Amino acid sequence: MIVYAGDCTGSGGLGISHVLTSWQPGECAIGADSMLGIMRYGVPPPEVPAVDCPVASVSMPLLSAEQRVEVWHGSAPVTVHRQGGIDYASNGQVLFGVYARQESNDCFLDLVIEESYVAIFELLKAAGYPHLLRTWNYIPAIAKVQDGVERYHRLCLGRYQAFTRFDPAPEHALPAATVIGTTQGDVVVCFLAARHAGIPVENPRQVSAYRYPSQYSPRSPSFSRAMVKDWGGRAHLYASGTASIVGHETRHAGDVRAQLDEILRNLEALLAQAAHTTATAFPQRAGEALLKVYIRRPEDFVPVRERLRQVLGTYGSVLYLQGELCRKDLLVEIEGVYWR
Ligand code: 3EB
């Protein structure tokens with residue numbers, strides 16, 4: 001049963017749907033042969049019907065009662081591959097991949113991440129989908145210190161190394177991204193790539209993450225605030241995990257409600273900037289969207305949901321997840337797919 005379906009019409013279109021985990025094959029209007037990938041969240045992750053496509057299993061509690069998974073699907077049949085630990089599916093225009101890696105004690109996270117991204121870039125080049133549009137990085141114990149360096153900082157370091165190896169000046173082609181901490185399980189990197197480039201968008205209210213001062217990380221985070229991609233008739237905007245950050249500083253430490261309102265202002269500004277740079281309007285409340293809301297403390301779920309419902313009404317579909325955020329003072333973060 002599809003709860004909320006994104007667009008998947010037109011040639012080469014890409015759709016994203018939130019589907020109840022209780023769905024049975026045949027009951028779901030998405031053709032099994034056009035599924036590019038599934039992202040499932042839960043501890044343990046929910047069962048999904050056996051379909052031949054990459055499945056990301058993220059050990060992260062789903063706070064909403066309704067169990068849903070996110071399905072990425074196209075309008076063309078996919079071919080599915082497995083190569084060096086990476087599962088990926090492509091359909092001629094878009095490639096969706098999942099790289100899940102178990103960590104060993106003798107390997108620091110920067111090296112794990114560098115190797116993962118090098119493998120991803122090599123795969124994308126070889127497969128003919130060289131443009132990385134969007135990544136999701138789910139990392140066990142993201143805030144833990146590993147040999148004197150916080151693991152999020154190690155992630156930034158390893159990611160930076162990999163990006164600069166393939167492009168000495170990657171600032172203007174960085175993908176949108178999310179980095180969230182999990183409590184257990186593999187390092188999971190999901191990614192979306194295309195044959196043709198998208199347009200990265202920055203947020204005028206925020207310092208570009210790749211220009212953050214070094215107090216946040218020895219190497220600045222390699223991501224853009226959003227990526228706009230025209231799939232041929234339909235345009236999508238992938239908003240990176242957006243937090244209560246203005247300039248480069250956290251705002252409203254300790255106040256989840258004020259952080260949420262700051263995030264909504266940031267998303268508003270991001271969508272306005274996207275309209276300006278790409279000449280495509282993505283209205284925050286009149287268009288369509290799928291959102292994922294990451295909440296640090298489970299007790300903040302109900303007030304956050306109440307406030308979001310107040311602001312957004314019944315617009316779009318929202319998954320509420322409990323995860324650890326990259327900075328200790330952040331309580332909530334929102335990522336989104338917008339389309340029109
Ligand atoms: C921030 O804006 C909040 O390192 O890829 C959000 C989304 C954050 C992605 C990343 C980090 C990343 O800095 C943290």
Side-chain angles (χ1 to χ4, degrees), residues 39 58 60 99 109-110 112-114 116-117 120-121 132-144 149-164 170-171 173-182 187-192 200-227 237-253 256 259-260 262-270 273 291-296 321 323-337:
M39 294 171 86
V58 184
M60 190 176 277
Y99 194 6
L109 186 64
D110 42 335
V112 171
I113 291 296
E114 182 178 349
S116 302
Y117 274 90
I120 289 168
F121 284 133
L132 188 57
L133 302 177
R134 219 268 177 236
T135 71
W136 294 263
N137 306 265
Y138 296 109
I139 312 291
I142 186 78
K144 223 174 111 185
V149 181
E150 216 177 280
R151 277 161 63 79
Y152 174 61
H153 297 171
R154 289 190 177 275
L155 178 146
C156 290
L157 196 63
R159 181 172 54 178
Y160 179 89
Q161 293 291 107
F163 272 85
T164 48
E171 294 77 24
L174 292 170
T178 294
V179 179
I180 302 287
T182 56
V187 166
V188 178
V189 179
C190 304
F191 54 98
L192 182 74
V201 178
E202 289 303 301
N203 192 326
R205 299 186 86 228
Q206 300 182 304
V207 171
S208 293
Y210 53 81
R211 297 217 177 94
Y212 276 171
S214 60
Q215 75 205 70
Y216 299 105
S217 167
R219 284 291 186 201
S220 52
S222 310
F223 71 98
S224 58
R225 299 295 180 185
M227 181 66 79
L237 182 144
Y238 308 112
S240 291
T242 304
S244 176
I245 293 173
V246 179
H248 55 74
E249 285 166 344
T250 300
R251 291 280 167 93
H252 321 294
V256 73
Q259 288 199 9
L260 183 59
E262 200 68 70
I263 290 171
L264 292 170
R265 283 191 288 277
N266 277 340
L267 287 171
E268 196 87 59
L270 182 65
Q273 181 66 19
L291 304 179
K292 280 182 228 172
V293 180
Y294 300 95
I295 298 173
R296 180 186 294 274
L321 298 153
E324 199 173 7
L325 309 177
C326 295
R327 294 186 188 180
K328 288 187 182 67
D329 48 13
L330 295 176
L331 297 172
V332 56
E333 189 175 302
I334 301 181
E335 66 171 60
V337 177

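For ligands, and for the atoms within them, numbers begin at 1 and follow the listed sequence. All residue numbers in this chain count up from 1 along the given sequence. Note that the structure is a prediction, hence the values are computed from the model and not measured.
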Seminar exercise, completed: For Pro221, the atoms of ligand 1 under 4.0 Å from one of its heavy atoms are 4 (O)

For this session: Going by the side chain to side chain donor-acceptor pair (under 3.5 Å) test, name the single residue among Lys144, Arg327, Lys328 that passes it with Glu150.
Result: Lys328

Exercise. Counting from 1, what ligand 1 atoms have a heavy atom of Arg159 closer than 4.0 Å?
Worked result: 4 (O), 5 (O), 10 (C)

Problem set entry | Ring centers of Tyr117, Tyr99 separated by less than 6.0 Å | no

Exercise. Got the closest protein heavy atom to atom 12 (C) of ligand 1, with its distance?
Worked result: Phe223 CE2, 3.2 Å

Problem set entry | ligand 1 atoms in contact with Tyr212 (distance to a heavy atom under 4.0 Å) | 1 (C), 2 (O), 13 (O)

For this session: Please work out whether the ring planes of Phe121 and Phe163 are parallel, tilted or perpendicular, with thresholds of 30° and 60°.
Result: perpendicular

Problem set entry | Side chain Glu114, main chain Gln161, donor-acceptor under 3.5 Å | no

Seminar exercise, completed: The answer for which part of Gln206 has a heavy atom under 4.0 Å from ligand 1 is neither

Exercise. Tell me, which protein residue and heavy-atom name are nearest atom 6 (C) of ligand 1, and how many Å apart are they?
Worked result: Gly241 O, 3.3 Å

Problem set entry | Within-4.5 Å side-chain heavy-atom neighbours: Pro221 and Tyr152 | yes

Problem set entry | Proximity winner for atom 2 (O) of ligand 1, if only heavy atoms of His248, Arg327, Arg225 are counted | Arg225

Problem set entry | Worked verdict on Arg134 versus Glu335 for salt bridge (Lys or Arg N to Asp or Glu O under 4.0 Å) | CA-CA 11 Å; Arg134 219 268 177 236; Glu335 66 171 60; 3.6 Å; yes

Exercise. How are the rings of His248 and Tyr212 set relative to one another: parallel (under 30°), tilted (30 to 60°) or perpendicular (over 60°)?
Worked result: perpendicular

Seminar exercise, completed: For Ala177, the atoms of ligand 1 under 4.0 Å from one of its heavy atoms are 5 (O), 7 (C), 9 (C)

For this session: Under 4.0 Å, heavy atoms only, figure out whether ligand 1 is touched by the backbone of Tyr152, its side chain, both or neither.
Result: side chain

Problem set entry | Per-atom contacts, ligand 1 versus Ile245 - under 4.0 Å to a heavy atom | 1 (C), 2 (O), 3 (C), 13 (O)

